[in-house]
Structure formats: C-alpha cells, structure tokens
Amino acid sequence: MTDLNHTHDPAARSWVASANAPGTDFPLQNLPLGVFSVGDAAPRIGIAIGHQVLDLSAVLASDLIANQNLSPQARAALQACTGQSLNAVMALGPAASQALRHTVFDWLHAQAPAAQQAALKPCLLDQDAVRMHLPAQVGDYTDFYTSIYHATNVGKLFRPDNPLLPNYRWVPIGYHGRASSLQVSGTAFHRPRGQVMPAGATQPELQASQRLDYELELGVFVGRGNAVGASITLDQALHHVFGVCLLNDWSARDVQAWEYQPLGPFLAKNFATTISAWVVTLEALAPYRVALQRPPEDADRPDLPYLHSLENRQHGAYDIRLQVGLRSAAMRQAGLDVHWVCHTSYRHAYWTIAQLVAHHTVNGCNLQPGDLLGTGTLSGPTPQEAGALLELTQGGKLPLTLPSGEARTFLQDGDEVVMRAYCEAPGRVRLGLGECVAQVLPAR
Ligand code: MN
C-alpha cells in the first residue's frame, strides 16, 4: 500500500480542465468514488474529477467498454459499479480498486486518445447538477478514540484528577455506534432532546440539548471483510480498507455527561453522524503516509505484538490536513464566509488505521464491506488544534467570538459546521476529501 506508481505522478494532467485548477480537491491523482443522482433517477456510482462527476453506469453503457481491452480485474470492478452503493466494489478488495483507478486514470489523462475523450465526454456531469447520497450501505459503525490529545483534554473536564485512563496507551478504545442515523454532507438535522441532569438539580429532566457539539473525525470504509472467528493481522489490515472520508460525530455533551457511565456513549451520539460524500482510496493517499509520531514520552513505548510492526511505525500515519469552520444564520444573512476555528492534521493520531482494523478483529469479530470506522475526534497537540467545541471553549467556559460578533460556547440553531480535509506534500499534487457540512435545525 506504500507503493507509488504513475497514477501519483504530480505532472499528470487531465483533459477535464477543472481537474487541473490549482486548489481543486479532485485532480487526476485523486479519483474518489461516490453515489449520486440526477432528478428523480435512481442513484448511480461516479468518480469525481475536477468539478465534474464521471458517471460509471453511463461509461459501461457506452461503446467505449466494448472496444476496450480491459483486464479482468478492471472489468469486474466496473461491473461492481452498476449498483446504488459502493459495497460491491468495496468487497472485491484492493487489486480490483487499483485496476479501476488505473483504468479511469488512463481514460481521463490529458494524453488519452481523442476518440476515447469523445466517448467519455457525454458521461461527465457537473457536480452542481447532481445530488450526493451515502456512498455505502453501512452495516456497522464503530467509533474509536485515537487522539491522545482529545482523550486527555476531555478527560480533564470529566475527571480532573484522572484524565487519561491507564488502558489508553494499550487499547485502541472504541464503542459500537449507530449506522441508521448516518447522513451525507448537506443534510440538516434537528437538535436532539435527551435526559440531562442540570447543575444543582436533584433529578434529571428531558429537554433539548443545550450543549450540542461537533467532533472532527475521519471515517474509514472497510473493503474486503473477514470471516467471523478469523482475525486480520496488522500486516494485512490495509488490504481490508477501501478508503477514507470526513466524519462529524455530533455529540450532545449534557446528555453524554449524565448517561456515559458505566457503558459509554448512547443517545448523546446516535441521533446523527454526517459524512462527506466522496470516498478517497488508500492508494490515492499513499504519497501522504508518514511515520507514526506519538508524544515524546510515548515515542519508545512498545505496543503489544499484534499491534506492532516496523512498517506501521515508519509509514502507518497519514498527513491529512483538517479544518473546522462555523457559519451562523446571522453570518449567512450578512454574507460572511465560514469562520475557521481549527486547523490540525490526522498525523497526530495515536493509533493508525491498520491498528484499528487489527484490534477490531483480534477477537474474531467480522468486519464487512461498507462497515465504517470513525477515528474519534482528531485534536492535535496545541489548543488551536482542538477538534470539538468542548475542548476549544474548555467545557463552555471560554466562548468563541464569531465575525458577526456573536459568542459561541456550543452550537446554536441555524449554525452550520463545515469540515474540510486535504493533503499536500513537497513534490506532490494537492488533493482533498471535499466538504462535510450540515446545519443544526431547532429541536422538534
Ligand atoms: Mn466520536
């Protein structure tokens, strides 16, 4: 999975002009997959290229495929892209994903034969003209807790004497989340109601959450699964991962504080989780792999053998730059742009994607194609890198000021939270994961 090839060549250009624009999230080297629809038509699978979507069903129906000498892997991957979700192509594993990527790279390359370009042009749609859907049918959703900075900051608020529990440095902590309320970017949701214990009260109340928060996370889509009872080793783990998206794990902190002991998050988390629409494959992210870098006091601490390899230590992390912004109703009305409140990178995570997969299956738990693993809130080492309002405002004690003059501790009705992610490295093109955005509606 570390191997770089001609599809990572930073000099490669596409005949789709918008794919060559500086700052685009979707250059030729990215080619993320997603599910879209036009009007009332059924959802279909597409690949983002610049500001366009390549409609794979339209390509399959065209003469191009009949006339092409495709490898069996590429043909199987394309056939798996005729459904309404990515599950079938995820299930085929990394060789098929790679064949698909390399085929589409050749088709969209600036040097593709003119006849090929002419055959593909009718299969391109403007991204503004399509509606995006969840990319996969997610059977199970697990949320981890992989930022030691987040775990420590939150631990200090909930347990000042004992912020980081002793298991943290040994176990990639996680819990089983709720797949049914996953929503694609752009879907507004209602503020949840829940049971809370007001300060000084003697009994709890049911009320609209007053401490609604976001969590900046990445979502990891499982590709090929494993049989129940059969673990996935660390060395094999990335062969079972299809790709990555942005994920916002909306959290009702007042509900969470009252309900979380002893079994962990429940109704504070399961009312809505928003993900970005495009899934960026691990192959596209290969140039941005970096060494696992833990805090200095943990740098030499060994992991248990099933979570340790030299490869994982040297190349297991990804430098994916992450941003969170806020835009209130008043800011929208005044025409003000998103106010960015957090800039960090996924490289600060304590546990790698491979370690999450190896740990999740070490007991024989089976992962299935389309399962989603959340990384947990991705806070970095400095206060400006906090991935949730709970940390940024120190539990609501230090309000933020928005460009409209409004103060925020937690989210208000009408607020939009915008997350962005992108990769850049010397000698590499910039590519992005697109946006993960949603607006908070009043409680029902
Ligand atoms: Mn979370």
Self-check item: Pairs flagged by salt bridge (charged side-chain N to carboxylate O under 4.0 Å, His left out) wherever residues 320-338 is involved - sequence neighbours left out
Solution: Asp319-Arg321, Arg321-Glu424, Arg327-Glu416, Arg332-Glu416
Practice problem: Under the side chain to side chain contact (heavy atoms under 4.5 Å, CB included) rule, collect the residues that match up with Ala354, sequence neighbours excluded. | Solution: Leu234, Ala237, Leu238, Asn312, Thr352
Practice problem: With sequence neighbours excluded, tell me which residues meet ring-ring contact (aromatic ring centres under 6.0 Å, His included) with Tyr145. | Solution: His150
Quiz item: Around atom CD of Glu297, are there more than 12 heavy atoms of other residues, nucleotides or ligands at under 6.0 Å?
Solution: yes
Quiz prompt | Closest contact, heavy atoms only, Ala179 versus Val138 | solution = CB-O, 3.3 Å
Quiz prompt | Ser276 OG to Asn248 CG distance, which is reported to the nearest 0.5 Å | solution = 10.5 Å
Quiz item: Which value, rounded to the nearest 0.5 Å, describes the distance between Leu285 atom CG and Tyr288 atom OH?
Solution: 8.0 Å
Exercise. Hey, could you give me each pair passing salt bridge (charged side-chain N to carboxylate O under 4.0 Å, His left out) that has a residue in residues 240-253? Not counting sequence neighbours.
Key: Asp213-Arg253, Glu215-Arg253, Asp249-Lys269
Quiz item: Is Leu31 close to Val280 at the side-chain level, that is, under 4.5 Å between some pair of heavy atoms?
Solution: no
Exercise. Output every pair passing side-chain hydrogen bond (donor to acceptor under 3.5 Å, both in side chains) with a member in residues 42-59, not counting sequence neighbours, ordered by first then second residue.
Key: Arg44-Asp55, His51-Asp128
Quiz prompt | ring-ring contact (aromatic ring centres under 6.0 Å, His included) involving His8 - partner list, sequence neighbours excluded | solution = none
Self-check item: Contact list for residues 10-29, test salt bridge (charged side-chain N to carboxylate O under 4.0 Å, His left out), sequence neighbours left out
Solution: Asp25-Arg430
Practice problem: Please report the shortest heavy-atom distance between Ser85 and Ala136, naming the atom on each side. | Solution: CB-CA, 4.1 Å
Quiz item: Which pair of non-hydrogen atoms, one from Trp107 and one from Leu78, has the smallest distance, and what is that distance?
Solution: CH2-CD1, 3.9 Å
Self-check item: Residue pair Val53, Leu124: steps toward the side chain to side chain contact (heavy atoms under 4.5 Å, CB included) verdict
Solution: CA-CA 5 Å; Val53 182; Leu124 287 170; over 6 Å; no
Quiz item: Passes side chain to side chain contact (heavy atoms under 4.5 Å, CB included), Thr103 versus Asp106? Steps please.
Solution: CA-CA 5 Å; Thr103 299; Asp106 291 345; 5.9 Å; no
Self-check item: Atom CZ of Arg444: over 12 foreign heavy atoms under 6.0 Å
Solution: no
Practice problem: Evaluate whether atom CG of Leu263 has more than 12 neighbouring non-hydrogen atoms of other residues, nucleotides or ligands under 6.0 angstrom away. | Solution: no
Quiz item: So, does His190 use its side chain to make a donor-acceptor pair with the main chain of Pro442 at under 3.5 Å?
Solution: yes
Quiz item: How about Thr274 and Trp250: does a side-chain donor come under 3.5 Å of a side-chain acceptor?
Solution: yes
Quiz item: Does any donor atom in the side chain of His348 or Ser147 lie under 3.5 Å from an acceptor atom in the other side chain?
Solution: no
Self-check item: Test item: Thr146 side-chain N/O and Ala349 main-chain N/O as donor-acceptor pair under 3.5 Å
Solution: no
Self-check item: Backbone of Gly50 reached by a side-chain donor or acceptor of Gln127 within 3.5 Å
Solution: yes
Self-check item: side chain to side chain contact (heavy atoms under 4.5 Å, CB included), paired with Val418, selected from Gln323, Gln439, Glu435, His339
Solution: Glu435
Quiz item: Which value, rounded to the nearest 0.5 Å, describes the distance between Leu367 atom CG and Asp140 atom CG?
Solution: 8.5 Å
Quiz item: With a cut-off of 6.0 Å (strictly less than), are more than 12 heavy atoms of other residues, nucleotides or ligands near CZ of Arg131?
Solution: no
Practice problem: Identify, with sequence neighbours excluded, every residue that meets ring-ring contact (aromatic ring centres under 6.0 Å, His included) alongside His240. | Solution: none
Quiz prompt | Pro399: partners by side chain to side chain contact (heavy atoms under 4.5 Å, CB included), with sequence neighbours left out | solution = Ala407, Thr409
Practice problem: Would you sort out whether Cys436 and Leu247 count as a side chain to side chain contact (heavy atoms under 4.5 Å, CB included), showing the intermediate values? | Solution: CA-CA 7 Å; Cys436 180; Leu247 185 149; over 6 Å; no
Self-check item: Under 3.5 Å donor-acceptor, Lys397 side chain and Gln394 backbone
Solution: yes
Practice problem: Please name the pair of heavy atoms, one in Gln183 and one in Leu134, separated by the smallest distance, quoted to 0.1 Å. | Solution: C-CD2, 3.6 Å
Practice problem: Please round to the nearest 0.5 Å and tell me the distance separating atom CD1 of Ile47 and atom CG of Leu56. | Solution: 4.5 Å
Quiz item: With a 3.5 Å cut-off and no angle check, do the side chains of Asp415 and Ser328 form a donor-acceptor pair?
Solution: no
Self-check item: Validation row: Leu372, Thr142 side chains within 4.5 angstrom (heavy atoms)
Solution: no
Quiz item: Can you tell me how far the OG atom of Ser251 sits from the CZ atom of Phe271, to the nearest 0.5 Å?
Solution: 6.5 Å
Quiz item: Does the side chain of Thr281 pick up a donor-acceptor pair with the side chain of Glu283 at under 3.5 Å?
Solution: no
Quiz item: With a cut-off of 6.0 Å (strictly less than), are more than 12 heavy atoms of other residues, nucleotides or ligands near CD of Glu406?
Solution: yes
Quiz item: Do you see a donor-acceptor pair shorter than 3.5 Å between the side chains of Asp303 and Gln355?
Solution: yes
Self-check item: Heavy-atom side-chain proximity of Leu373 to Phe221 below 4.5 angstrom
Solution: no
Self-check item: Minimum heavy-atom distance between Pro204 and Pro198, given as atom pair plus value
Solution: CA-CD, 4.4 Å
Quiz item: What residue pairs, at least two apart or across chains, pass salt bridge (charged side-chain N to carboxylate O under 4.0 Å, His left out) with a residue in residues 33-42?
Solution: none
Quiz item: Are Phe105 and His6 close enough that their ring centres sit under 6.0 Å apart?
Solution: yes
Practice problem: Could you pull out the closest heavy-atom pair between Val440 and Leu411, with the gap in Å? | Solution: CG2-CD1, 4.2 Å
Quiz prompt | Salt-bridge criterion met for Glu311 and Arg313 (N-O under 4.0 Å) | solution = no
Quiz item: Roughly how far, to the nearest 0.5 Å, is CG of Leu322 from CZ of Arg347?
Solution: 12.0 Å
Exercise. Look at the side chain of Arg191 and the backbone N and O of Gln210, then say whether any donor-acceptor pair between them is shorter than 3.5 Å.
Key: no
Quiz prompt | Tyr260: partners by ring-ring contact (aromatic ring centres under 6.0 Å, His included), with sequence neighbours left out | solution = Phe158
Quiz item: For Ile148, what residues pass the side chain to side chain contact (heavy atoms under 4.5 Å, CB included) criterion, not counting sequence neighbours?
Solution: Thr152, Leu164, Tyr168, Arg169, Pro295, Asp298, Tyr350
Practice problem: Consider only side-chain N and O atoms of Ser379 and Glu391, and report whether a donor and an acceptor are under 3.5 Å apart. | Solution: yes
Practice problem: Please step through side chain to side chain contact (heavy atoms under 4.5 Å, CB included) for the pair Phe144 and Leu356, ending with a clear verdict. | Solution: CA-CA 8 Å; Phe144 283 94; Leu356 301 186; 3.7 Å; yes
